[in-house]
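Below: the structure, in structure tokens.
Here, residue 1 is the first one in the sequence, and each next residue gets the next number. This is a predicted model, so every value here is computed, not measured.
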Amino acid sequence: MFEKIKRNDLIDQAIKRGVQEERELPEETILLETSHPNLLQQRILELNQVFNLTDFLMGDSDIETAIGLITPSQALFLECKLVDTDNHAYNFQALYDAIYDSKITIIPIKNIHTWQELVMGDGNIAIQLTKFGDLYIWCPKQITDFQMASLRKISECLKSIHIFNPEVIDQVFLDIHAWIGKEEGGELSLEINQLSLDTLLDYYKNSDLKGSACSKR
């Protein structure tokens, strides 16, 4: 039976690893293809299977926070139930441990970068969700076709929420914002005013025409 990971254990683990000056991701574990998942991986697969973006954003959850990770090879979404705190960063660390064999630190222990910056730098998309509130997306400068398709699915889901639940949306404050990593450091901030990711998708489409995005990795 899975027991929630202790926040302090993740901190101790990060301290033991020390500052990772050069980040080199180990081979990614594709959880859906794992023959013998460990308890943490099993729990992530369970939470991912039952997660419904529409239901969560509309408040059908007993927890306030959720996370999403879109790597070049897999998309995982789950409520923040991996750690004994519903803090996004620590649950994201547990998710990273499951797919990168506990070898990469993203929580800001002795790191000068935020966990979102580190995830973007790893070529992954990080998504932070709050029930009845916020949807924040951090994207790397270049994304794969799989990541682009995953963003399109999210955008279509958001549009369907607006179509089928207009009266609810009028009462819910849903702040959608996206950041895109830049080659020279920092992020490009994109405000998304409508309930879709069209602005973000258009950015990558235009960049693709210039040969700078949507490449294979």
Side-chain angles (χ1 to χ4, degrees), residues 1-49 51 65-129 136-147 150-151 179-183 185-187 215-217:
M1 181 178 177
F2 178 80
E3 293 186 8
K4 288 184 178 181
I5 300 167
K6 293 181 173 58
R7 170 183 174 272
N8 288 343
D9 288 346
L10 289 177
I11 294 173
D12 290 342
Q13 175 180 269
I15 292 173
K16 289 177 182 177
R17 287 180 189 147
V19 178
Q20 297 168 303
E21 298 291 347
E22 296 183 5
R23 294 174 62 82
E24 184 175 346
L25 291 181
E27 183 177 354
E28 177 184 348
T29 299
I30 310 302
L31 297 192
L32 287 173
E33 299 176 1
T34 304
S35 302
H36 303 287
N38 59 36
L39 288 177
L40 173 58
Q41 293 169 336
Q42 288 177 19
R43 182 58 173 157
I44 290 170
L45 288 171
E46 291 168 359
L47 292 172
N48 178 69
Q49 184 175 11
F51 184 80
T65 56
I67 54 175
L69 173 68
I70 306 175
T71 76
S73 304
Q74 62 185 325
L76 299 163
F77 288 83
L78 54 147
E79 294 179 352
C80 292
K81 294 181 176 181
L82 301 178
V83 186
D84 62 1
T85 170
D86 65 357
N87 179 279
H88 291 100
Y90 292 101
N91 281 269
F92 224 102
Q93 179 66 67
L95 180 55
Y96 244 54
D97 286 348
I99 68 172
Y100 293 119
D101 197 24
S102 299
K103 293 179 179 177
I104 294 292
T105 297
I106 58 172
I107 53 175
I109 305 299
K110 296 185 178 179
N111 281 320
I112 61 173
H113 299 289
T114 65
W115 66 269
Q116 296 96 333
E117 291 173 323
L118 293 172
V119 173
M120 286 192 297
D122 292 334
N124 296 326
I125 297 174
I127 300 175
Q128 177 179 333
L129 302 116
Y136 297 147
I137 305 175
W138 287 269
C139 301
K141 182 176 183 291
Q142 295 186 347
I143 63 174
T144 65
D145 292 337
F146 173 81
Q147 289 171 316
S150 297
L151 289 175
W179 293 266
I180 299 172
K182 296 192 293 186
E183 200 167 286
E187 305 100 37
S215 60
K216 296 285 185 181
R217 187 173 87 171

Does any part of the side chain of [Y], heavy atoms only, come nearer than 4.5 Å to the side chain of [X], both counted from C-beta?
X: Y100; Y: T71; value: yes
X: Q41; Y: T34; value: yes
X: T65; Y: H88; value: yes
X: L69; Y: F92; value: yes
X: Y136; Y: I127; value: no
X: N87; Y: R7; value: no
X: I67; Y: C80; value: yes
X: L95; Y: L78; value: yes

Open item on the list: Please report whether the ring centroid of Y96 lies less than 6.0 Å from that of W115.
Closed with: no
Task: Full working for side chain to side chain contact (heavy atoms under 4.5 Å, CB included) between L40 and I5 - done: CA-CA 9 Å; L40 173 58; I5 300 167; 4.0 Å; yes
In Å and rounded to the nearest 0.5 Å, what is the [atom1] to [atom2] distance from [X] to [Y]?
X: R43; Y: F2; atom1: CZ; atom2: CZ; result: 7.0 Å
X: Q13; Y: K103; atom1: CD; atom2: NZ; result: 12.5 Å
X: L118; Y: I104; atom1: CG; atom2: CD1; result: 9.5 Å
X: L31; Y: S73; atom1: CG; atom2: OG; result: 11.0 Å
X: K81; Y: K4; atom1: NZ; atom2: NZ; result: 7.5 Å
X: N48; Y: L76; atom1: CG; atom2: CG; result: 5.0 Å

For residues [X] and [Y], report the shortest heavy-atom separation together with the two atoms involved.
X: A89; Y: I107; result: O-CG2, 3.6 Å
X: E28; Y: P72; result: OE1-CD, 4.4 Å
X: T29; Y: A98; result: CB-O, 4.1 Å
X: M120; Y: W179; result: SD-O, 4.0 Å

Between [X] and [Y], is there a donor-acceptor pair closer than 3.5 Å when you use the side chain of the first and the backbone of the second?
X: Q147; Y: I70; answer: yes
X: D122; Y: N124; answer: no
X: N91; Y: L82; answer: yes
X: Q42; Y: P37; answer: yes
X: Q128; Y: G68; answer: no
X: E117; Y: T114; answer: yes
X: Q93; Y: T105; answer: no

TODO: Apply side chain to side chain contact (heavy atoms under 4.5 Å, CB included) to the pair E79 and F51, showing each step before the final yes or no.
DONE: CA-CA 7 Å; E79 294 179 352; F51 184 80; 4.1 Å; yes
Open item on the list: Other residues, nucleotides and ligands only: do more than 12 of their heavy atoms fall within 6.0 Å of NZ on K182?
Closed with: yes
Open item on the list: Using a strict threshold of under 4.0 Å (side-chain N to carboxylate O), is an ion pair present between R17 and D97?
Closed with: yes
- [ ] Mind running side chain to side chain contact (heavy atoms under 4.5 Å, CB included) on I125 and L151 for me, showing each step along the way?
- [x] CA-CA 9 Å; I125 297 174; L151 289 175; 4.0 Å; yes
